[in-house]
Student: 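First the structure, which I've put down as structure tokens, then a few questions once you've had a look.
To find a chain, count down the sequence lines: A is the first, B the second, and so on, and within it residues start at 1.
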There are 2 protein chains.
Amino acid sequence: MLRKVGYKDIKREVFNRIRQNEWAPGELLPGEVVLAAEFGCARATVNRAMQELSDDGIIDRRRKGGSRVKLTPVRQATFEIPLVKSEIESKGAIYTYQLISSIKEVAPLWLQKQLSLSAYTRVQHIQCIHYADDRPYQYEDRWINHNTVPLSAEFDFNTQSPNEWLVNEVPYTNAEVRFSATISDVKIAQALEMANGEAVFKAERTTWLSDEPVTFVTLYFVKGYEMLISY
Amino acid sequence: MLRKVGYKDIKREVFNRIRQNEWAPGELLPGEVVLAAEFGCARATVNRAMQELSDDGIIDRRRKGGSRVKLTPVRQATFEIPLVKSEIESKGAIYTYQLISSIKEVAPLWLQKQLSLSAYTRVQHIQCIHYADDRPYQYEDRWINHNTVPLSAEFDFNTQSPNEWLVNEVPYTNAEVRFSATISDVKIAQALEMANGEAVFKAERTTWLSDEPVTFVTLYFVKGYEMLISY
DNA sequence: ATTGATATTATGTCTATACATAAAAATTAT
DNA sequence: ATAATTTTTATGTATAGACATAATATCAAT
């Protein structure tokens with residue numbers, strides 16, 4: 001006996017037709033009513049399938065315009081931005097952390113530009129190292145906007161890393177990360193206990209709370225670090 | 001007059017309560033029926049809101065177990081894996097491409113291990129360079145499995161890059177990318193017209209078609225390259 | 001030809017209801 | 001006590017019907 005078709009069946013079938021070029025990039029797909037008739041199910045079921053395909057970046061949908069196959073049906077990969085602590089512990093290592101400095105100061109010019117801050121905005125500048133099994137794992141160089149996060153001026157970052165504290169205490173609405181490769185300079189090399197001139201994986205993250213910059217952080221990962229994404 | 005509550009309102013409200021620690025990490029949330037009563041809507045509406053929060057990585061849901069706030073409410077970022085060609089053209093630069101070599105050979109040992117290939121599996125080894133405005137942008141070092149993609153033995157990769165050809169012709173079911181930083185050796189430095197010992201952003205991607213390895217590629221990006229992700 | 005009003009249409013969303021299913025909880029058998 | 005079985009429950013999914021909404025298409029007026 002034939003099983004009832006579910007939205008997952010429809011999703012798979014439509015995806016296959018797209019993959020096999022039965023429906024080519026840019027092409028207008030049949031409407032939900034038509035597909036519902038073909039698959040013998042309710043329109044709502046087709047709707048859910050198509051909506052997820054849209055979320056997955058396979059098709060574009062517009063009211064009245066209908067659904068069409070994306071011109072570049074790029075698959076989207078999702079990856080999680082974990083807490084360093086969780087990341088380290090999930091590898092079975094013991095997490096420790098050391099604060100190097102926490103200074104209240106006026107935002108330097110480059111940071112003003114980077115975060116579109118007004119002049120003389122005060123920021124908290126924090127530098128620290130995250131360890132996995134007592135070996136350096138990540139060097140964190142962070143700036144927190146006093147205007148949006150006044151509490152940062154008082155908190156004792158010896159007890160908890162700014163990373164963890166912010167995640168737990170300060171919400172954000174949107175963020176941006178820039179990944180790149182760089183060469184270890186003296187400061188980084190010393191902090192991460194590696195030679196000078198080594199390849200370092202670098203991440204620069206900025207977060208905002210409804211257009212107000214919250215924090216800017218540069219993370220330097222120890223030599224050999226890999227960021228893995230499956231999809 | 002009050003508007004009807006939609007699933008987006010519920011999603012936002014629940015998210016806010018979680019952010020403001022009204023519902024803490026690990027905590028069991030009210031069931032869908034309860035929430036539906038509170039918000040004065042149908043259970044299906046709450047269901048959609050909660051399902052999306054689950055997709056977004058905010059909460060965990062289990063049948064009978066109910067929904068709870070994720071212990072580490074990590075936000076997921078989605079990013080697209082673009083075609084090099086599209087990536088370059090979207091920056092307003094002119095894309096060109098040069099094939100260096102395309103050789104049919106038996107998979108070397110390290111690749112056999114990497115892709116879990118049986119011994120003596122034949123592969124196509126392709127090396128090429130992608131240019132933006134005639135300046136090197138990316139060096140591609142690719143291996144294609146002849147068993148899964150026999151056509152790769154015949155195709156003339158002078159006319160189209162393996163990247164583009166594969167995306168258009170060969171489907172895959174899952175993939176894995178590893179991003180890291182490395183130092184340019186002689187070969188890479190020469191290909192990307194940069195000095196020896198510079199920092200290079202590296203990506204290694206493996207794709208499978210239902211457990212059959214399709215291709216393994218190492219991409220080296222020119223000095224200064226940044227991968228940007230917003231979320 | 002251009003503008004503006006109006007109709008049309010495909011998707012977006014909500015509802016009430018029903019049944020499915022996984023997993024925890026309670027109960028019974030060993 | 002422990003294992004096997006049944007019950008309960010929260011989520012998962014499907015449906016028919018309804019109305020909302022955005023965007024296109026059409027047609028009328030300038």
Side-chain angles (χ1 to χ4, degrees), chain A residues 1-18 22-71 73 76, chain B residues 1-18 22-71 73 76:
Chain A
M1 183 201 161
L2 286 172
R3 273 186 59 258
K4 196 188 279 195
V5 296
Y7 78 96
K8 281 178 180 165
D9 301 305
I10 298 175
K11 205 179 153 182
R12 186 170 43 244
E13 177 60 22
V14 171
F15 182 56
N16 280 338
R17 289 186 191 174
I18 289 173
E22 193 169 330
W23 288 328
E27 187 174 339
L28 186 67
L29 303 182
E32 295 185 348
V33 183
V34 178
L35 288 175
E38 185 199 326
F39 289 109
C41 66
R43 182 173 77 89
T45 307
V46 174
N47 181 273
R48 179 156 184 195
M50 299 299 271
Q51 208 135 56
E52 293 207 353
L53 284 171
S54 172
D55 289 344
D56 293 349
I58 308 293
I59 64 176
D60 278 325
R61 325 190 74 206
R62 319 180 52 172
R63 276 176 172 158
K64 167 78 182 178
S67 304
R68 23 187 94 239
V69 182
K70 270 211 172 183
L71 288 167
Q76 289 182 338
Chain B
M1 182 203 163
L2 287 172
R3 274 186 57 260
K4 195 189 280 193
V5 295
Y7 79 97
K8 283 178 179 167
D9 301 305
I10 298 176
K11 205 179 152 181
R12 186 171 42 247
E13 176 60 22
V14 171
F15 182 56
N16 281 337
R17 290 186 190 172
I18 289 172
E22 192 170 328
W23 289 328
E27 186 174 340
L28 186 68
L29 303 181
E32 296 186 347
V33 183
V34 178
L35 288 175
E38 184 199 329
F39 290 109
C41 66
R43 183 172 77 88
T45 308
V46 174
N47 182 273
R48 180 158 183 192
M50 300 298 272
Q51 209 136 54
E52 292 206 355
L53 283 170
S54 172
D55 289 344
D56 293 350
I58 308 294
I59 64 176
D60 277 327
R61 326 191 72 206
R62 320 179 51 171
R63 276 176 170 154
K64 166 78 183 181
S67 304
R68 29 187 88 238
V69 182
K70 269 211 172 183
L71 289 166
Q76 289 182 337

Student: Measure from CZ on A:Arg68 to P on C:dA10 and round the result to the nearest Å.
Tutor: 13 Å

Student: How long is the span from the CG atom in B:Leu29 to the CD atom in B:Glu22, to the nearest 0.5 Å?
Tutor: 11.0 Å

Student: How long is the line joining CZ of B:Arg62 and C1' of D:dA10, in whole Å?
Tutor: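 Interatomic distance, CZ of B:Arg62 to C1' of D:dA10: 12 Å.
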
Student: Please list, pair by pair, any protein nitrogen or oxygen found under 3.5 Å from a nitrogen or oxygen in nucleotides 5-8 of chain C.
Tutor:
none

Student: Just do the side chain to side chain contact (heavy atoms under 4.5 Å, CB included) check on A:Val5 and A:Glu13 with the steps written out, would you?
Tutor: CA-CA 11 Å; A:Val5 296; A:Glu13 177 60 22; over 6 Å; no

Student: Starting at NZ of B:Lys8 and ending at C1' of C:dC14, how long is that distance when rounded to a whole Å?
Tutor: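 Checked: the NZ to C1' distance equals 14 Å.
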
Student: Minimum heavy-atom separation for B:Val69 and B:Ile59, please, with both atom names.
Tutor: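 Shortest heavy-atom contact: CA-CG2, 4.3 Å.
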
Student: Measure the distance from CG on A:Leu29 to P on C:dA10 and round it to the nearest whole Å.
Tutor: 13 Å

Student: What pair of heavy atoms forms the shortest contact from A:Asp9 to A:Gly6, and how long is it?
Tutor: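 Closest heavy-atom pair between A:Asp9 and A:Gly6: OD2-N, 2.7 Å.
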
Student: Over all heavy atoms of both residues, which pair between B:Leu35 and B:Pro30 is shortest? Give the atoms and the distance, please.
Tutor: CD1-O, 3.8 Å

Student: B:Asp9 CG to C:dG12 C1': how many Å, rounded?
Tutor: 14 Å

Student: Looking only at side-chain N and O atoms, does A:Asn47 come under 4.0 Å of OP1 or OP2 in C:dG12?
Tutor: yes

Student: If you compare all heavy atoms of A:Leu28 against all heavy atoms of A:Gly65, which two are closest, and at what distance to 0.1 Å?
Tutor: CD1-O, 3.4 Å

Student: Measure CG/B:Leu28 against C1'/D:dA10 and give the value in whole Å, please.
Tutor: 10 Å

Student: In residues 31-46 of chain B, which ones come under 4.0 Å of DNA chain D, going by heavy atoms?
Tutor: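 Within residues 31-46 of chain B, the residues near DNA chain D are B:Gly31, B:Glu32, B:Arg43.
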
Student: Give, for atom OG of A:Ser67 and atom CD1 of A:Ile58, the distance between the pair rounded to the nearest 0.5 Å.
Tutor: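 The OG atom of A:Ser67 sits 13.0 Å away from the CD1 atom of A:Ile58.
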
Student: Round to a whole Å and report the spacing from CD of A:Glu52 to C1' of C:dG12.
Tutor: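 Those two atoms, CD and C1', are 15 Å apart.
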
Student: Under 4.0 Å: is that the gap between some side-chain N or O of A:Arg63 and OP1 or OP2 of D:dT24?
Tutor: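 No, A:Arg63 has no side-chain N/O under 4.0 Å of OP1/OP2 on D:dT24.
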
Student: Please confirm whether the shortest side-chain N or O distance from A:Gln51 to OP1 or OP2 of C:dG12 is below 4.0 Å.
Tutor: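 Yes.
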
Student: With sugar-phosphate meaning primed atoms plus P, OP1 and OP2, does A:Gly65 contact a base, only sugar-phosphate, or nothing at under 4.0 Å between heavy atoms?
Tutor: nothing

Student: For C:dT11 and A:Ser67 - does any side-chain N or O of the residue sit under 4.0 Å from the phosphate oxygens OP1/OP2?
Tutor: yes

Student: Whole-Å distance between C:dT13 C1' and B:Lys11 NZ?
Tutor: 14 Å

Student: Does anything in residues 58-67 of chain B pair up under salt bridge (charged side-chain N to carboxylate O under 4.0 Å, His left out), and if so which pairs, sequence neighbours excluded?
Tutor: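 Non-adjacent pairs meeting salt bridge (charged side-chain N to carboxylate O under 4.0 Å, His left out): B:Glu32-B:Arg61.
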
Student: So, is B:Arg61 near the phosphate of D:dA10, with a side-chain N or O under 4.0 Å from OP1 or OP2?
Tutor: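 It does not, given that no N or O in the side chain of B:Arg61 lies less than 4.0 Å from OP1 or OP2 of D:dA10.
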
Student: Mind checking the OG1-CE spacing from B:Thr45 to B:Met50? Nearest 0.5 Å is all I need.
Tutor: 13.0 Å

